[in-house]
Amino acid sequence: MVNPQMERIQSHLSRMKLTTTRDRLDGLLQEAARKELSFLDFLDLVLSEEAAAKDSKRTRMGIQIAHFPIRRSLDDYDFDLQPSLDRRLIRELETGTFIAHAENILLLGPPGVGKTHLAIGLGGSPSNGARAACS
Ligand SMILES: Nc1ncnc2c1ncn2[C@@H]1O[C@H](COP(=O)(O)OP(=O)(O)OP(=O)(O)O)[C@@H](O)[C@H]1O
Ligand SMILES: [Mg+2]
């Protein structure tokens with residue numbers, strides 16, 4: 001049966017481009033009822049899911065636009081193979097502060113040691129949003 005209120009809410013969500021909430025509305029309402037969520041907790045759940053979905057979409061699109069030559073992530077990088085590499089520095093670069101400060105990163109080393117892998121991993125990390133260039 002058509003529920004005019006649900007239709008109105010779905011239409012508002014579409015207009016506001018809150019598409020994850022629109023598509024998951026039934027499930028979210030059921031979850032709220034099942035867990036007896038407070039109004040605040042429900043709002044928190046809805047907005048957190050929507051924000052996470054938008055962040056993940058932005059990263060995916062950034063990776064697509066960046067045209068990285070291969071798919072690599074920092075999670076696949078074996079730091080044990082490069083003991084001279086400062087893991088803490090890489091984790092710091094992952095935060096994206098260098099982009100905010102308009103700084104460059106130079107990865108120097110012999111062929112095949114993972115420079116491109118690291119550059120792609122840094123560029124594709126969620127906080128950097130695939131904005132780094134690599135070769
Ligand atoms: N420490 C590592 N952990 C996991 N994979 C690695 C590591 N080092 C290299 N690789 C893998 O080896 C391959 C070659 O690495 P990559 O292309 O990043 O090297 P490069 O330093 O950029 O080489 P080049 O100087 O020729 O451009 C890639 O598939 C990469 O994922
Ligand atoms: Mg390379």
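Just so you know, residue 1 is the first one in the sequence shown, and it goes up from there. Atoms within each ligand, like the ligands themselves, are counted from 1 in listed order.
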S14 side chain to Q10 backbone, donor-acceptor under 3.5 Å
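Looks like yes, one N/O pair under 3.5 Å.
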
So, K115 side chain and P110 main chain: donor-acceptor pair closer than 3.5 Å or not?
yes

Can you tell me how far CE of M6 sits from CG of D26, rounded to the nearest 0.5 angstrom?
4.5 Å

Please determine if [X] has a nitrogen or oxygen closer than 3.5 Å to a nitrogen or oxygen of ligand 1.
X	value
I70	no
G114	yes
Q82	no
G109	no

May I ask you to list the atoms of ligand 1 that are less than 4.0 angstrom from any heavy atom of H117?
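Result: 4 (C), 5 (N), 6 (C), 18 (O), 30 (C), 31 (O).
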
Ligand 1 atoms nearer than 4.0 angstrom to some heavy atom of T116 are 17 (O), 18 (O), 20 (P), 22 (O), 27 (O)

Whether E92 and R88 form a salt bridge (side-chain N of Lys/Arg under 4.0 Å from carboxylate O of Asp/Glu) is what I want to check.
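Looking at R88 and E92, the cut-off is not met.
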
Sequence neighbours left out, what passes salt bridge (Lys or Arg N to Asp or Glu O under 4.0 Å) with R60? Give chain and number order.
none

Tell me which one of G112, G121, A119 gets a heavy atom nearest to atom 26 (O) of ligand 1.
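Result: the heavy atom closest to atom 26 (O) of ligand 1 is in G112.
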
Ignoring hydrogens, just give me the one of L74, L118, D78, L81 whose non-hydrogen atom is nearest atom 3 (N) of ligand 1.
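Among L74, L118, D78, L81, the closest heavy atom to atom 3 (N) of ligand 1 comes from D78.
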
With sequence neighbours left out, what residues match S84 under side chain to side chain donor-acceptor pair (under 3.5 Å)?
none

Going through the distances and angles, do E49 and T20 end up as a side-chain hydrogen bond (donor to acceptor under 3.5 Å, both in side chains)?
CA-CA 7 Å; E49 280 209 11; T20 301; over 6 Å; no

Mode of D76 contact toward ligand 1 - side chain, backbone, both, neither (heavy atoms, under 4.0 Å):
backbone

